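What follows is a single structure, written as structure tokens, with notes after it.
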Amino acid sequence: MTTYRVCCFLRRFRAASNEPSEAVRDVFQAYTDGSGVVGEEALRRLLRKVQGETEAGAEAAAKEVMAFAAEQRLLKKGGLTAEGFHRWLCSDANAALDPHRGVHQDMGSPLAHYFIYTGHNSYLTGNQLSSGCSERPIVKALLDGVRVIELDLWPNAARDEVEVLHGRTWTSPVELNKCLEAIKEYAFATSPYPVILTLEDHLTADLQGKVAKMLKETFGDMLYISESENMAEFPSPDDLKGKIIISTKPPKEYLQTKSGKEEAADDRAQEGVWGEEISDDKATARQMSEQYSGKYGAEEAEEEPQDGEAEKKARQGADNEYKRLIAIQLTRRKHDMDQDLKVDPEKVTRLSLGEKAYEKAIVSHGAHIIRFTQRNLLRIFPRSTRITSSNYNPLMGWRYGVQMVAANMQGHGRKLWLTQGMFRANGGCGYVKKPDILMNSDPDKLFDPRAELPVKTRLKVTVYMGDGWRFDFRKTHFDKCSPPDFYARVGVAGVAADTRMEQTRVMMDSWIPTWDHEFEFPLAVPELALLRVEVHESDNHQKDDFGGQTCLPVWELRPGIRSVRLCDHKGQPLRSVKLLMHFKFFPSPSK
């Protein structure tokens, strides 16, 4: 019995039991022999029919399961017991994403063919206005698999050294050298694939020369230097393994930004504890279409100072080494979308757009963006008024083939959870191959994420049960008077047609909730779909408590009954909390 004290009284509840749910027991019973255990041959059949394994896969998996059960002393008369079966189902070896798969996509295509795990203001420890700057967030991002690190470079007060900070705000600076040393040490600790260092440069010619020297001395042979100033095609992630790539504007195009202090007051809307719910973006498209009908404007442009004669002369004599180190040049925006998205067949480049400008662009130039990103790199970044380091919906970019959807890694909530989910794909290496639909250049077959798309497949998801909260949380963490009342939210985020969220019933007073709830999701573009899972504790008197979440790429889900580990609000795995779920894909019936 579990006891809770309420004033002078004791409330008693049945002790938590981690027995399998009725649905899971039924699966096991269907393959047992007369002695109530599952033999090796029956286990192979179960793995083929329930878990979707091939003949060879079932053979290997059966040996793995039997070895696991033998180690746990859960074999009986040479067969697998119900407890052994259930423990294996809940183990990490049976995770929804294959833990042994690693990097499996083709990594030999140009960089433009991949979504790239991208950070924004990577040096900030908190909000965009007054937090500290440090190398520690950079280290964490690299260890999490982030492949694009952004540094804002500014002169110090004496204008003789370089600092990293969010310019024209109250953020405290960090030395550039500390950031570079941290990148050197941790760049390839998690992934061998290239790190792209985007520099927002606000420096004089002399200081650019200093930066060039620091980059060469710190990175040495790790630094990728292009053989030509204009590349006809980007190299591949395979070609660039172990390399650090510099991307910024050519020296003469350094720009000044608006004052963050002035912009901070523009938008302080609260999005809730975990951020807004993920929408299908149809309303956003309608709103933007009504609001903007003219040319792509310069609302988010940075102000470029006019160089005086002395500055021009200084730049003419500047150290050309800085320019030589820029392997991926950032194109200066012309603020005419037709011109900005013009594809040059002779060279590739990178374009950078703010969130607000990009929202307008997808309304009028969606097809142009898809064509542009088939060869060139496009980076979109959060609007400056997100002072709390919140994020926008990254699918807004991925639906159109945008490779660098920059996220505030120091922010938390549903939008960042989607980014973390996308980059759990392909072994967590930070590069995910774009689906073929986004690479088709045939004008008659160009992908339109806003079109009415036919259903390609159906995903049936069953949430059986959950466990682990009793180990990771205090007894009174969720409710001081009783065990928690958990419910699960399950859904898909993807193109507008696929975006949907459902909910189980609330399981009252149970640390090990059993829902046995089935959902079905029709998917038009499973290649861009992310499975969202959240658990909350129902509270009638105040906001529901958070119990864990995860986000998984649908195209990498293993069919069958699988273990799904939940994460905290920052995206870090909880030590013990898991759900047991069943995934099954059905082809869409032909019309």
Side-chain angles (χ1 to χ4, degrees), residues 50-54 95-98 101 103-106 109 113-115 117 278-282 366 370 373-374 393-403 405 414 417-428 431-440 445-463 489-502 518-534 549-562 564 579 581-591:
V50 178
Q51 301 296 84
E53 298 283 358
T54 61
L97 303 185
D98 189 345
R101 197 175 186 190
V103 177
H104 56 273
Q105 295 179 339
D106 167 34
S109 299
H113 292 213
Y114 300 84
F115 297 129
Y117 204 174
I278 305 301
S279 71
D280 59 12
D281 287 349
K282 289 179 180 177
I370 291 177
T373 55
Q374 288 174 349
N393 183 357
L395 282 155
M396 180 175 69
W398 296 330
R399 291 167 183 162
Y400 291 87
V402 177
Q403 300 90 349
V405 181
R414 292 187 171 106
W417 298 344
L418 292 180
T419 299
Q420 293 166 339
M422 167 64 82
F423 291 101
R424 290 189 174 104
N426 200 25
Y431 286 81
V432 175
K433 193 84 182 291
K434 293 200 291 188
D436 291 341
I437 54 172
L438 288 170
M439 299 306 298
N440 191 334
K445 297 180 180 179
L446 200 66
F447 180 63
D448 182 358
R450 292 181 295 177
E452 292 294 328
L453 302 167
V455 173
K456 187 180 293 184
T457 188
R458 294 178 181 274
L459 171 62
K460 188 177 288 185
V461 178
T462 305
V463 187
R489 302 181 72 234
V490 180
V492 169
V495 297
D498 295 344
T499 299
R500 188 174 131 215
M501 203 71 179
E502 301 289 350
E518 183 180 284
F519 305 99
E520 186 171 318
F521 301 98
L523 301 175
V525 190
E527 308 98 310
L528 286 174
L530 298 167
L531 180 73
R532 297 177 54 210
V533 181
E534 298 177 13
Q549 61 81 25
T550 193
C551 188
L552 303 171
V554 164
W555 64 93
E556 290 204 1
L557 288 176
R558 294 199 286 176
I561 303 172
R562 301 295 177 181
V564 176
L579 301 185
M581 305 177 71
H582 190 188
F583 306 111
K584 193 168 185 179
F585 290 91
F586 296 90
S588 178
S590 57
K591 294 185 178 180

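Keep in mind the model is a prediction, meaning the values are calculated, not measured.
Without hydrogens or angle criteria, R562 side chain to Q51 main chain gives a donor-acceptor distance under 3.5 Å. The backbone N or O of N440 lies less than 3.5 Å from a partner atom in the side chain of Q374, making a donor-acceptor pair. With hydrogens and angles ignored, the 3.5 Å screen pairs a side-chain donor or acceptor of D498 with a backbone N or O of V525. The closest donor-acceptor contact from the side chain of N426 to the backbone of H104 lies under 3.5 Å. With hydrogens and angles ignored, the 3.5 Å screen pairs a side-chain donor or acceptor of Y114 with a backbone N or O of S109. At least one donor-acceptor pair closer than 3.5 Å links the side chain of Q105 to the backbone N or O of K433.
Between V495 and R399, the closest heavy-atom pair is CA-NE, 3.6 Å. Contact between G401 and K434 at its shortest, heavy atoms only, is O-NZ, 2.9 Å. When all heavy atoms of I370 and P449 are compared, the pair lying nearest together is CD1-CD, 4.3 Å. What you find for T373 and Y400 is that their closest heavy atoms are OG1-O, 3.3 Å. Contact record, T457 with F586: OG1-O, 2.9 Å, taken as the closest heavy-atom pair. Between L395 and G494, the shortest heavy-atom distance links the atoms CD1-N, 3.6 Å.
Annotation: the span from L453 atom CG to I437 atom CD1 amounts to 8.0 Å, rounded to 0.5 Å. Note that CG of L459 is 6.5 Å distant from CG of L557, once rounded to the nearest 0.5 Å. The distance from atom OH of Y431 to atom OH of Y117, rounded to the nearest 0.5 Å, is 13.5 Å. Here E520 contributes atom CD and R458 contributes atom CZ; the two are 5.5 Å apart, rounded to the nearest 0.5 Å. With values rounded to the nearest 0.5 angstrom, F423 atom CZ is found 11.5 Å from L418 atom CG.
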Test side-chain contact (heavy atoms from CB on, under 4.5 Å) applied to R414 and R532, step by step: CA-CA 9 Å; R414 292 187 171 106; R532 297 177 54 210; 3.2 Å; yes
F519 vs V463, side-chain contact (heavy atoms from CB on, under 4.5 Å): CA-CA, chis, key distance, verdict: CA-CA 8 Å; F519 305 99; V463 187; 4.0 Å; yes
Audit row: V492, R500, side-chain contact (heavy atoms from CB on, under 4.5 Å) steps and yes/no: CA-CA 5 Å; V492 169; R500 188 174 131 215; 5.6 Å; no
Evaluation steps, side-chain contact (heavy atoms from CB on, under 4.5 Å), between L552 and L97: CA-CA 8 Å; L552 303 171; L97 303 185; 3.9 Å; yes
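The closest side-chain heavy-atom distance from T462 to I561 is not below 4.5 Å. Within the 4.5 Å cutoff, the side chain of F447 has no heavy atoms near those of the M439 side chain. Put simply, the side chain of V554 reaches to within 4.5 Å of the side chain of F585, judged on heavy atoms. A 4.5 Å side-chain heavy-atom check between D106 and H113 finds every atom pair outside the cut-off. Between T419 and V405, every side-chain heavy-atom pair lies at or beyond the 4.5 Å cut-off.
By the 6.0 Å contact criterion, NZ on K584 is open, its count of non-hydrogen atoms from other residues, nucleotides or ligands being 12 or less.
Salt bridge E556/R424: absent, no basic N to carboxylate O contact under 4.0 Å.
Ring planes of W398 and F115: tilted class, angle from 30 to 60°.
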